[in-house]
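Report on the structure given below.
Residue numbers count from 1 along this sequence.
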Amino acid sequence: MNDREFLADRFEAHRGHLKAVAYRMLGLLTEAEDAVQEAWLRLSRSEPDDVRNLGGWLTTVVGRVCLDMLRARTSRREEPLEARMPDPVVSPASGPDPEQAALLADSVGLALLVVLESLAPAERLAFVLHDMFAVPFEEIAPLVGRSPATARQLASRARRRVRGAAPVPDPDLARQREIVEAFLAAAHRGDFAGLVSVLDPGVVLRADAGALSGGLREVRGADNVAGQALAFRRHAPSTAHAALVNGLAGVVNTVNGEPSAVMSFTIAGGRIVEIDILADPARLARLDLAVLED
């Protein structure tokens, strides 16, 4: 084994961790892969013998790459409030494979990723690296061009927004599945009262059908969400396949065998508090939906 092959093996040992960092930073799987690949390119051009802690070095490199990507993404936006649904990670209902499990460690649900999308790039970096991956503020500070104290403030500000906006899901997956099945059955029957009974009064539904269809839209309140679910069922009948979406009970809908939507349900206190739907055909086509082959 030559030096480059040895270096590649060392890098591969960290790939899963680096992709998990990049996914939380960017919310898009293809961009996360790009960030990890850029980290490899930077490592291959460096003097790796001078790196004492390769895992920590790579984590900060991926953080810097993602920060640059977030800033570039923000500068390209014509509309400051433009938003999109993060990419879901879809697994069979029986459980994720090892690669998916590593990507979803710490239960990074779509509801949390949606909140992270609302943070400023430096806030997101400080929160993700420190709160999710225990990177010291002394190492985060140079990435954002601030002092360690200011980096700490960035993470604290982000933490307050996350705690106030991202619900903590109930841990019982079997109970989650029961509630999702009750929701789907009520929608199939056209049972408005049945839908409302499993929805939290303040439930939020987000649906992203792509830029050509108006982008990310929100519906709030149990009555409104139930009405939307019935309207969707009448106008777009589909087949629901049980799945895990970012580790939570969800479904993949198909029409004539083709994926039409991925739905994630966040359940807290025994009721559905958030429903996140990706229905953008172009983005669905890029997802690994092997769950449909089961």
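Across Val62 and Ala35, no two heavy atoms sit closer than the pair CG2-O, 4.4 Å. Contact detail for Asp131 and Ala155: the closest heavy-atom pair is OD1-CB, 4.3 Å. Closest heavy-atom contact between Ala39 and Leu58: O-CD2, 4.3 Å. Across Leu230 and Gly190, no two heavy atoms sit closer than the pair CD2-CA, 3.6 Å. Residue Ala222 comes nearest to Leu199 through the heavy atom pair O-CD1, 3.6 Å, listed as atom of the first residue, atom of the second, then distance. Summarising the geometry of Ala209 relative to Pro281, their closest heavy-atom pair is O-CD, 4.0 Å, with the distance given to 0.1 Å.
Put simply, CD1 on Ile272 and CG on Asp200 are 10.0 Å apart, with the number rounded to the nearest 0.5 Å. Note that CZ of Arg15 and CZ of Phe11 are 5.0 Å apart. Values are rounded to the nearest 0.5 Å. Once rounded to the nearest 0.5 Å, the distance linking CZ of Arg10 with NE2 of His14 reads 7.0 Å. Within the model, atoms CG of Leu216 and CG of Asp280 stand 11.0 Å from one another, a figure rounded to the nearest 0.5 Å. Residue Leu28 holds its CG atom at 8.0 Å from CZ of Arg286, rounded to the nearest 0.5 Å. Here CZ of Arg124 is found 6.5 Å from CE of Met25. Values are rounded to the nearest 0.5 Å.
The hydrophobic cluster containing Val65 also contains Leu119, counting ILVMFWY residues as joined when their side-chain heavy atoms lie under 4.5 angstrom apart, directly or transitively. Both Val135 and Leu116 sit in one connected hydrophobic cluster of ILVMFWY residues. Membership requires side-chain heavy atoms under 4.5 Å apart, directly or through other members. Residues Leu173 and Val251 are members of separate hydrophobic clusters, defined by side-chain heavy-atom contacts under 4.5 angstrom among Ile, Leu, Val, Met, Phe, Trp and Tyr. Put simply, Val168 and Val180 are part of two different groups of oily side chains (I, L, V, M, F, W, Y) that touch within less than 4.5 Å, one to the next. Phe183 and Val196 fall within the same hydrophobic cluster, where Ile, Leu, Val, Met, Phe, Trp and Tyr residues are linked whenever their side-chain heavy atoms come under 4.5 Å apart, directly or through other members.
When Leu112, Leu113, Asp87 are each tested for a side chain to side chain contact (heavy atoms under 4.5 Å, CB included) with Asn246, only one passes: Leu113. The side chain to side chain contact (heavy atoms under 4.5 Å, CB included) test with Ile277 singles out one residue from Leu110, Val262, Leu205, and that residue is Leu205.
With hydrogens and angles ignored, the 3.5 Å screen pairs a side-chain donor or acceptor of Arg24 with a backbone N or O of Ala20. The backbone N or O of Gly250 sits less than 3.5 Å from a side-chain atom of Arg177, completing a donor-acceptor pair. Without hydrogens or angle criteria, Asp208 side chain to Leu278 main chain gives no donor-acceptor distance under 3.5 Å. Between the side chain of Arg73 and the backbone N or O of Leu26, at least one donor-acceptor pair lies under 3.5 Å. Judged by distance alone, the side chain of Gln176 and the main-chain N or O of Asp170 form a donor-acceptor pair under 3.5 Å. Under the 3.5 Å distance criterion, the side-chain polar atoms of Arg71 are left unmatched by any main-chain donor or acceptor of Ala122.
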- Show your reasoning for whether side chain to side chain contact (heavy atoms under 4.5 Å, CB included) applies to Leu143 and Leu129. CA-CA 11 Å; Leu143 302 181; Leu129 290 190; 3.8 Å; yes
- Message: Using side chain to side chain contact (heavy atoms under 4.5 Å, CB included), reason through Val273 and Val203 one step at a time and then give a plain yes or no.
- Response: CA-CA 4 Å; Val273 295; Val203 63; 5.6 Å; no
- Message: Determine whether Val89 and Leu29 satisfy the following criterion, side chain to side chain contact (heavy atoms under 4.5 Å, CB included), listing intermediate values before the conclusion.
- Response: CA-CA 9 Å; Val89 177; Leu29 293 167; 4.2 Å; yes
- Item | Full working for side chain to side chain contact (heavy atoms under 4.5 Å, CB included) between Val61 and Leu43 | CA-CA 9 Å; Val61 167; Leu43 176 63; over 6 Å; no
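Within the structure, side-chain hydrogen bond (donor to acceptor under 3.5 Å, both in side chains) contacts touching residues 133-149 (residues at least two apart or in different chains) are Ser147-Thr150.
Between Phe265 and Val245 the shortest side-chain heavy-atom distance does not fall below 4.5 Å. Taking the side chain as every heavy atom from C-beta outward, Arg64 and Arg42 approach each other to under 4.5 Å. Arg159 has its side chain within reach of His130: a pair of non-hydrogen atoms, C-beta onward, lies under 4.5 Å apart. In this structure, Glu123 and Gln153 have side chains that are not in contact, with every pair of non-hydrogen atoms separated by 4.5 Å or more. Residues Ile140 and Phe137 form a side-chain contact, since some pair of their non-hydrogen atoms from C-beta on lies under 4.5 Å apart. Ser238 is listed as a side-chain neighbour of Val255, based on a closest heavy-atom distance under 4.5 Å. Between Arg271 and Ile179, the closest side-chain pair of non-hydrogen atoms is not below 4.5 Å. Side chains of Val36 and Trp40 form no contact here, defined as non-hydrogen atoms less than 4.5 Å apart.
Checking Ser156 against Arg160 by side-chain atom types alone, a donor-acceptor pair falls below 3.5 Å.
Within 6.0 Å of the CZ atom in Arg233, the count of heavy atoms belonging to other residues, nucleotides or ligands exceeds 12.
Scanning for ring-ring contact (aromatic ring centres under 6.0 Å, His included) contacts around Phe127 gives an empty result, with sequence neighbours left out.
Relative orientation of the Phe133 and His17 rings is perpendicular, given thresholds of 30° and 60° on the angle between their planes.
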